[in-house]
Amino acid sequence: MLRVGLTGSIAVGKSHVSGLLAGMGCRVVDADEVARRVVEPGAEGLRAVVEAFGRTVLKPEGTLDRARLGAIVFADEGKRRLLNSILHPLIIAEQDELLGRWEGEDPRGIGVVDAALLIESGGYTRFDKLVVVHCRPEVQLERLMRRNDLTREEAERRINAQMPQEEKLRHAHFRIDTSGGFEETRAQTERVYEELRRLAEAQAPT
């Protein structure tokens with residue numbers, strides 16, 4: 001199976017591209033979904049997060065208060081790194097287990113992991129190819145303000161807390177620019193999919 005990483009900064013349209021690839025026949029796992037599972041009540045990840053950040057990051061019923069935790073880590077680089085160091089190994093282990101299962105079922109398939117922090121975590125090196133979704137900075141800012149109901153300053157702070165788009169693009173085997181809207185994005189995604197399909201067939205066992 002061809003293993004593909006899909007990444008991009010906040011509000012660039014990565015999830016839209018992920019959905020398009022799934023519709024074209026890729027098997028896609030969303031790292032955010034995996035991240036939610038590893039911090040479910042009773043999970044090892046949640047215990048570690050509470051140990052590191054205190055019980056204030058829990059809601060009264062014992063589930064993770066994502067908004068509170070997000071406010072903490074977006075405001076403090078050290079705490080964001082701490083959170084990532086706790087959760088990334090757990091998330092990667094679950095992703096790899098899923099990819100291994102898919103490979104057994106479909107050795108000629110394309111397995112895609114959709115994850116925002118693939119490059120920052122070093123996890124991108126586990127993949128055969130890396131697709132980076134990006135858009136113009138002004139488009140990214142406008143999308144984030146509208147989607148999350150943020151002020152310009154709040155949105156800029158969230159964007160600036162992440163690795164710059166230019167840095168992510170340096171690692172890309174394939175780039176998809178979503179600045180131009182849905183149809184243009186679909187056309188680019190189809191071209192990337194056809195190339196991934198060709199690579200998957202070329203490396204599959206005969």
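Sequential numbering from 1 along the given sequence is applied to the chain's residues. We use all heavy atoms of the structure for the numbers below, so side chains are in, but hydrogens, waters and symmetry mates are not.
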Heavy-atom side-chain contact between [X] and [Y] under 4.5 Å:
| X | Y | value |
| --- | --- | --- |
| Leu90 | Glu44 | yes |
| Tyr193 | Leu20 | no |
| Met24 | Arg186 | yes |
| Gln95 | Arg126 | yes |
| Val4 | Phe174 | no |
| Thr185 | Phe182 | no |
| Arg47 | Glu51 | no |
| Asp114 | Leu21 | no |

Considering all heavy atoms, the nearest [X]-[Y] contact:
| X | Y | answer |
| --- | --- | --- |
| Ala52 | Ile86 | CB-CD1, 3.7 Å |
| His173 | Asp128 | CE1-O, 3.9 Å |
| Gly8 | Lys14 | N-CD, 3.6 Å |
| Cys26 | Val112 | CB-CG2, 3.9 Å |
| Ala115 | Thr7 | O-OG1, 2.7 Å |
| Arg143 | Val12 | NH1-O, 3.1 Å |

Transitive ILVMFWY side-chain link [X] to [Y], under 4.5 Å:
| X | Y | result |
| --- | --- | --- |
| Leu144 | Val17 | no |
| Val73 | Val39 | yes |
| Leu196 | Val132 | no |
| Leu117 | Val133 | no |
| Leu82 | Val49 | yes |

Would you compute the distance between atom [atom1] of [X] and atom [atom2] of [Y] and round it to the nearest 0.5 angstrom?
| X | Y | atom1 | atom2 | value |
| --- | --- | --- | --- | --- |
| Asn84 | Ile91 | CG | CD1 | 8.0 Å |
| Glu156 | Met145 | CD | CE | 8.5 Å |
| Ile176 | Cys135 | CD1 | SG | 12.5 Å |
| Leu2 | Asp106 | CG | CG | 11.5 Å |
| Gln140 | Ser179 | CD | OG | 9.5 Å |
| Met163 | Leu169 | CE | CG | 11.0 Å |

[X] atom [atom1], over 12 foreign heavy atoms within 6.0 Å:
| X | atom1 | result |
| --- | --- | --- |
| Glu77 | CD | yes |
| Glu103 | CD | yes |
| Asp149 | CG | no |
| Arg147 | CZ | yes |

Trace of the side chain to side chain contact (heavy atoms under 4.5 Å, CB included) decision for Ile72 with Asp76: CA-CA 7 Å; Ile72 292 170; Asp76 187 318; 5.6 Å; no
- request: Spell out, as yes or no, whether a donor-acceptor pair under 3.5 Å connects the side chain of Gln162 to the backbone of Ile10.
  value: yes
query: Is the backbone of Pro164 close enough, under 3.5 Å, to the side chain of Glu167 for a donor and an acceptor to pair up by distance?
result: no
- prompt: Do Arg158 and Phe74 meet the cation-pi criteria used here (NZ or CZ under 6.0 Å from the six-membered ring centre, within 45° of the axis)?
  reply: yes
- prompt: After noting the C-alpha distance and the side-chain angles of Leu99 and Phe127, does the key distance pass the side chain to side chain contact (heavy atoms under 4.5 Å, CB included) rule?
  reply: CA-CA 11 Å; Leu99 287 168; Phe127 298 96; 4.2 Å; yes
- prompt: Is the shortest side-chain N to carboxylate O distance from Glu195 to Lys129 below 4.0 Å?
  reply: no
field: Pair Glu194 + Arg198, salt bridge at N-O below 4.0 Å
entry: no
task: Show your reasoning for whether side chain to side chain contact (heavy atoms under 4.5 Å, CB included) applies to His16 and Thr178.
output: CA-CA 9 Å; His16 177 64; Thr178 65; 5.8 Å; no
